[in-house]
Amino acid sequence: MNHYHYKCSNCNSKFPIEDIEKDSKYLCPKCGKAEKNRPLQGVLWIEYDYDKIKNELNKDTFLKIPAGRFWEYPNLLPLEFNSQVKNFTNINSEQLDRLQLNENPLLKYEIDNHPVLVFDDTRNPTLSFKDRASSLVALKAIQLGINEIAAASTGNAGSSLAGICARLGLKSHLFVPSTIPTGKKIQIQSFGAEIYLVDGDYDAAFDLCLEVSTKKGWYNRNTAFNPLTIEGKKSAAYDIYIATKGDIPDLIFVPVGDGVIISGIYKGFWELKKLGWIEEIPKLIGVQAKGSDALVRYLEKGQFEYFPASTIADSICAGAPRNLYMAADSIKKSEGFAVSVSDEEILAAQKIAAHKMGLLIEPAAAASFAGYLKLKEDEMIQNKKAMLLFTGNGLKDLDSLMEWNVQSEKKTVEEWKNYFELKIIQKF
Ligand SMILES: [Zn+2]
C-alpha cells in the first residue's frame, strides 16, 4: 500500500498517487483551475497514514535527526522508499548529501530588551528558503524519470531550482520578469540554467511557464501549482521543532508573497500535532509589503481582488498569490493574522538586521522583521516567544542595499593621510 495520497484543499476529494503523478497532474482533477491573475483553485496537499507513522517513529528519535536533513524521515515524504533496504528508488546517498540545508538555523538575539529567535534559512545551498521546495521537486522528477524542470520565479525559486538541478545533474528552465534583480539573474545563469526574461510581471511569467512546460513535457515547479512545493517547505516546521528541541515558539513572523511558505510551515506543524508531538501550532503572522498585500485584504474583506503588485521586496511581489486560499486558512487555523509594512519599513529593518544582528538579508526576509518591529510593543506579542523567518540572503539584491548604504568616497593615499591627519614621513 502507498504511504501517502493527495487531497484537494478545496473540494476535499482524495486521490491515489497514480491519479496525480502518472500523467503529471498538479491541481485537483475535479475542481482545479489555473486562471490568469487569479489564485489557483484546487491546490492539492499530501496526507500520510499518521497512525502508522506514530508506531514507526517516536518523538525522541525524530528530535535526534540533525536539522536540514529532510530525507531522514522518508515516511513523511512523498517519495518512493524501500524501507527494507532503506533506499529511495533511483536516488543515492551522495545526491542526498549534496542537498544538506543549513544545519544550524536557530539564532538567538535581543532587540530592545525583547528576546527574539531567528530561523535563518539564508545559508542553504543557494542562499534561500526555496531550496526546501526545489530539492523535493527535483528528487521527485528523478523518480518520475524526467530530467528537465521548469519554473516561474521572481528570482529565488529560480536560482534555487537552477542550483539544485546543477547539483543533481538535471536541466532547468526559468521564466522570470525582466525586472528581476541582477544578483538573482546572474545566479540563475551561472548555474547553467536556461533563463527566459518575460516583459511583464511575475503573474505573466507564471502563466507562460505553465503553457510552455505542458507543451514541452517538462516537470513543473511553479509554486503552489506543484503540491510538492508546499510539501518541501514543511521541512522548515520540522527544523524549527528539531532546532528548538521541541520548545517551539509561540508565534512566527513569515513573509508572504504567493503564500506557499506559510502554508508549508502550517502543514509541518499540523503534522507534528497530528503525531501528538506538539500541543499547539504556533500563531503564524503573515507579513506582506503594502504594495503587494492581497492576503491582508482577503482576510479583511473575505474576497480576492486583483491589483498589479509593486514593492522593493521582489520575492513577495505577487498581485495574485497563487496559494492565497490555503495561506489564509493556515493563518486562521493557527489563530494568527496578517499585517502589511511599507518599503521604507522593510529597508529600515534590513539595515537593523545587518547592523545589529550581522545578518545580511534580502528585502522579503526583512519584511518579517519589519512586521515584528511594528508590533513588538503590542499586547499580542509582548511576553511571547517570537521567531522571525529569514528567507533569503541580502547579496541577491544589491540595489536594495545601495538604497541605505552611502556611496564610498575615493581619495589618494595622500588625501587619506590628510583625512586621518597623519604626518607624512619623508623617505631618505
Ligand atoms: Zn477539488
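All values below come from the heavy atoms of this structure, side chains included, with hydrogens, waters and symmetry mates left out. In each ligand, atom 1 is the first atom listed, and ligand 1 is the first ligand listed. Positions are given from 1 along the sequence.
Between the side chains of S315 and K184, a donor-acceptor pair is found at a separation under 3.5 Å.
A salt bridge (Lys or Arg N to Asp or Glu O under 4.0 Å) check over residues 75-103, counting only residues at least two apart or in different chains, returns the pairs R69-D97.
The side chain to side chain contact (heavy atoms under 4.5 Å, CB included) test applied to L208 returns F175, V198, V212, not counting sequence neighbours. Every residue was checked against the side chain to side chain donor-acceptor pair (under 3.5 Å) condition with K283, not counting sequence neighbours, and none meets it.
Note: F369 and Y372 have parallel aromatic rings, judged against thresholds of 30 and 60 degrees for the angle between ring planes.
Taking the six-membered ring for Trp and the full ring otherwise, W277 and F62 have centroids separated by under 6.0 Å.
Atoms of the protein (N, O or S only) found under 2.8 Å from the Zn ion (ligand 1) are C8 SG, C11 SG, C28 SG, C31 SG.
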